[in-house]
Amino acid sequence: MKLLVIGCGGVATVAIHKCCQNPLFTEICIASRTVSKCEALAAKLAPTTSAKLTTATVNADSVESLVTLMKAFKPHTVLNVALPYQDLTIMDACLECGANYVDTANYEAEDTDDPEWRKIYEKRCQEKGFTAYFDYSWQWAYQEKFKKAGLTALLGTGFDPGVTSVFTAYALKHYFDEIHYIDILDCNGGDHGYPFATNFNPEINLREVSANGSYWENGHWVETKPMEIKREYNFDGVGQKDMYLLHHEEIESLAKNIPNVKRIRFFMTFGQSYLTHMNCLQNVGMLGTTPIEFEGHEIVPIKFLKALLPDPASLGARTVGKTNIGCIFTGIKDGKKKSVYIYNICDHQEAYKETGLQAISYTTGVPAMIGTALVASGTWSGAGVFNVEEFDPDPYMDMLNQYGLPWVVNENPVLVD
Ligand code: NDP
């Protein structure tokens with residue numbers, strides 16, 4: 001089966017490592033903006049796999065560049081692990097070339113000052129009630145096109161979104177008649193020793209964390225100020241951590257796909273040093289996405305900041321500790337109220353030993369491979385645009401155990417108030 005992977009950053013590197021371990025993928029083309037990174041990874045992995053590895057340069061912002069590559073390589077499935085900015089161009093190219101599409105993050109506009117985009121965004125803010133720059137409407141709008149083409153688009157198969165939504169489908173299938181409350185808890189207990197660094201692409205990460213929070217309750221969105229809601233939780237394998245309520249994309253799809261759900265919240269842990277740095281950078285304008293003129297050059301502040309910060313792909317060697325990411329569900333089974341917590345613990349150094357990357361890239365790259373494999377093998381099939389919770393969770397849960405992200409079910413969890 002021919003797979004085209006677009007992007008060659010932290011998440012892509014892990015996903016490609018894992019694709020090389022899966023005999024389903026007989027030919028893998030690694031294509032990205034900087035082809036030297038693709039070549040170095042292909043050279044490293046070639047002796048470890050029976051898959052034929054090739055590389056290519058591609059500008060994923062250009063449908064034309066993508067179509068040229070796809071017409072030459074003829075992929076069965078395309079895994080997009082570039083940036084959310086490229087989701088729509090890659091979906092368009094897949095439709096034109098007859099390939100299935102898989103990604104790990106929903107569409108986000110790179111230029112949030114573009115007046116055309118802004119008009120649609122402001123209408124959506126009013127209609128839906130949350131102000132995040134990213135949402136599923138852009139990609140769900142491709143439903144008819146993928147249906148007509150007889151192709152599958154699988155959205156959001158990272159850890160969160162991704163595994164958290166598969167945990168939800170699994171809980172609903174095996175533990176509940178109805179799920180009423182979902183709390184998604186994302187804890188990173190890792191320490192990289194820098195005063196400030198982000199664990200994945202800084203631009204995407206800082207935009208997400210500095211935005212308003214929101215949660216879904218009784219059929220509508222409730223929006224909060226950034227970091228307004230704080231809780232403490234004692235995480236298995238990590239210990240006591242502060243966590244903050246954020247807006248997160250799987251809330252939107254779970255609210256649509258899980259019947260009778262009353263509330264969905266997402267919490268992420270942050271240390272005080274991270275928050276102090278982020279607030280300071282925001283206050284001085286370094287998170288801005290609008291270009292400014294500096295000594296005759298145009299500079300986008302957040303892109304300049306990205307150039308100064310450590311490359312997330314370089315954090316692996318120095319990050320110690322564990323992540324613990326999962327969901328606490330409360331609902332009804334056989335007329336009785338119950339709660340279940342499903343989570344995975346991932347060790348940064350173990351992830352590094354296997355792939356050269358820390359656990360944040362690992363916990364995203366492994367599920368990226370799993371979702372891709374389920375689509376490519378036809379185990380998850382159907383024409384249209386799907387979120388992962390719409391398919392049978394069992395084969396995905398088995399592959400999490402098989403490919404390095406084993407999970408735990410706790411039927412008596414401590415709840416979040
Ligand atoms: P990186 O910045 O490390 O990697 C992005 C890669 O995409 C780089 O190789 C980059 O090339 C390439 N790229 C960027 N723009 C283009 C373009 N126009 N054309 C071709 N290639 C391009 O990001 P991460 O690996 O940290 O993240 C990858 C994706 O995973 C993101 O969409 C992120 O949101 C998502 N993610 C999802 C998570 C989940 O749990 N669902 C968690 C974490 C991340 P170059 O090397 O030249 O910069």
Side-chain angles (χ1 to χ4, degrees), residues 4-17 29-41 55-66 69 78-90 93 102-108 110 132-134 139 154-167 184 186 188 197-209 246 248-250 253 266 268 302-303 306-307 309-316 323 325-326 344 346 355-371 387-388 405:
L4 171 63
V5 181
I6 299 178
C8 194
V11 173
T13 298
V14 174
I16 295 161
H17 260 85
C29 176
I30 311 168
S32 190
R33 182 167 52 190
T34 313
V35 75
S36 55
K37 291 189 194 170
C38 310
E39 287 162 356
L41 183 63
T55 60
T57 313
V58 74
N59 173 11
D61 291 320
S62 152
V63 179
E64 200 187 335
S65 169
L66 289 159
L69 171 62
V78 175
L79 169 59
N80 166 16
V81 263
L83 297 178
Y85 309 146
Q86 283 96 39
D87 288 3
L88 304 184
T89 44
I90 300 177
V102 180
D103 72 24
T104 66
N106 69 10
Y107 173 67
E108 186 166 340
E110 184 161 14
Y133 284 146
F134 50 89
Q139 290 179 278
L154 180 68
L155 308 185
T157 177
F159 206 104
D160 41 345
V163 177
T164 48
S165 305
V166 174
F167 284 170
I184 303 164
D186 179 330
N188 180 7
T198 64
N199 292 300
F200 67 96
N201 185 285
E203 223 177 305
I204 306 294
N205 180 253
L206 289 166
R207 271 195 188 195
E208 173 179 286
V209 175
L246 298 185
H248 224 246
E249 65 199 60
E250 65 266 56
S253 74
F266 180 97
M268 191 178 271
I302 198 164
K303 285 192 191 290
K306 178 176 185 255
L309 289 174
D311 177 358
S314 71
L315 297 176
T323 60
I325 318 175
N344 159 263
C346 185
T355 62
L357 275 300
Q358 33 79 6
I360 302 301
S361 302
Y362 192 88
T363 53
T364 311
V366 172
M369 179 283 283
I370 294 174
N387 292 90
V388 289
L405 293 177

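Just so you know, ligand 1 is whichever comes first in the structure, and atom 1 is the first atom listed for that ligand.
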Closest non-hydrogen contact found for Ile360 with Gln358 is N-OE1, 2.8 Å
Numbered in order shown, the ligand 1 atoms found under 4.0 Å of a heavy atom of Ala60 are 17 (C), 18 (N), 19 (N), 20 (C)
For ligand 1 and Val11, I'd like to know whether there is a polar contact (N/O to N/O, distance under 3.5 Å). yes
- prompt: Just distances here: any N/O of Phe200 and N/O of ligand 1 closer than 3.5 Å?
  reply: no
Taking only non-hydrogen atoms of Asp61 and a 4.0 Å limit, the atoms of ligand 1 in range are 18 (N)
The protein heavy atom nearest to atom 29 (C) of ligand 1 is Ala82 O, 3.2 Å
The atoms of ligand 1 lying under 4.0 Å from a heavy atom of Cys8, numbered in the order shown, are 6 (C), 8 (C), 9 (O)
dist Ile184:CD1 -> Asp160:CG (nearest 0.5 Å) comes out at 7.5 Å
Numbered in order shown, the ligand 1 atoms found under 4.0 Å of a heavy atom of Asn59 are 18 (N), 19 (N)
Counting from 1 in the order shown, the ligand 1 atoms closer than 4.0 Å to a non-hydrogen atom of Gly9 are 3 (O), 4 (O), 6 (C), 8 (C), 9 (O), 25 (O)
_Geometry only, no angles: is Phe159 polar-contacting ligand 1 at N/O separations under 3.5 Å?_
yes
Here the atoms of ligand 1 under 4.0 Å from any heavy atom belonging to Ala105 are 32 (O), 34 (O)
Here the gap from Asn205 atom CG to Leu309 atom CG, rounded to the nearest 0.5 Å, amounts to 10.0 Å
Would you say ligand 1 has an N or O under 3.5 Å from any N or O of Ala12? no
Looking at ligand 1, would Ala313 count as a contact under a 4.0 Å heavy-atom criterion?
no
inquiry  = Measuring from non-hydrogen atoms of Gly162 to any atom of ligand 1, is the shortest distance under 4.0 Å?
reply    = no
One should read off an interatomic distance between Leu315 CG and Leu357 CG, to the nearest 0.5 angstrom, of 9.5 Å
CG of Asp186 to OG1 of Thr164, rounded to nearest 0.5 Å, is 8.5 Å
* Working for side chain to side chain contact (heavy atoms under 4.5 Å, CB included), residues Arg207 and Phe134 -> CA-CA 10 Å; Arg207 271 195 188 195; Phe134 50 89; over 6 Å; no
In this structure, atom 47 (O) of ligand 1 is nearest to the protein heavy atom Thr34 OG1, 2.4 Å
Interatomic distance, CG@Leu79 vs CE@Met369, rounded to 0.5 Å, equals 10.5 Å
Atom 14 (C) of ligand 1 sits nearest the protein heavy atom Arg33 NH2, 3.5 Å
Logged contact type for Ala31 with ligand 1, heavy-atom cut-off 4.0 Å, is neither
With side chain to side chain contact (heavy atoms under 4.5 Å, CB included) as the criterion, how do Asn201 and Lys306 come out once you've worked through the C-alpha distance, each side chain's angles and the decisive distance to 0.1 Å? CA-CA 8 Å; Asn201 185 285; Lys306 178 176 185 255; 3.5 Å; yes
### Message
If you apply the rule side chain to side chain contact (heavy atoms under 4.5 Å, CB included), what do you find for His248 with Glu208, and how did you get there?
### Response
CA-CA 8 Å; His248 224 246; Glu208 173 179 286; 3.4 Å; yes
message: So for Pro312, does at least one of its heavy atoms come nearer than 4.0 angstrom to any atom of ligand 1?
response: no
Note: heavy atom closest to atom 10 (C) of ligand 1, options Gly365, Ala15, Ser32, belongs to Ser32
for atom 5 (C) of ligand 1, nearest protein heavy atom and its distance come out as Leu83 CD2, 3.9 Å
Checking Val163, Val11, Val14 against Val366 for side-chain contact (heavy atoms from CB on, under 4.5 Å), the one that qualifies is Val14
closest protein heavy atom to atom 2 (O) of ligand 1 is Asn201 ND2, 2.8 Å
Of all protein heavy atoms, the one nearest atom 38 (C) of ligand 1 is Thr364 CG2, 3.3 Å
Would Thr157 and Ile370 count as a side chain to side chain contact (heavy atoms under 4.5 Å, CB included) if you check the C-alpha gap in whole Å, the side-chain angles of each, and the deciding distance to 0.1 Å? CA-CA 8 Å; Thr157 177; Ile370 294 174; 5.6 Å; no
Query raised in the report: With a 4.5 Å heavy-atom cut-off, do Glu110 and Lys303 have their side chains touching?
Result: yes
Open item on the list: For a 4.5 angstrom cut-off between non-hydrogen side-chain atoms, does Ser361 reach Thr13?
Closed with: no
In ligand 1, the atoms that come under 4.0 Å of a heavy atom of Val81 are 28 (C)
Here the pair of heavy atoms bringing Cys8 nearest to Ser32 is N-OG, 3.5 Å
| query | Is the closest N or O pair between Gly10 and ligand 1 shorter than 3.5 Å? | reply | yes
Residue, atom and distance of the protein heavy atom nearest atom 46 (O) of ligand 1 read Lys37 NZ, 2.6 Å
dist Tyr107:OH -> Asn80:CG (nearest 0.5 Å) comes out at 12.5 Å
When distances are taken from atom 35 (C) of ligand 1, the protein heavy atom at minimum range is Thr104 OG1, 3.3 Å
Is any N or O atom of Ile204, backbone or side chain, closer than 3.5 Å to an N or O atom of ligand 1?
no
Numbered in order shown, the ligand 1 atoms found under 4.0 Å of a heavy atom of Val58 are 19 (N), 20 (C)
**Prompt:** Once the angle between the rings of Phe167 and Phe159 is folded into 0 to 90°, is it parallel (under 30°), tilted (30 to 60°) or perpendicular (over 60°)?
**Reply:** perpendicular
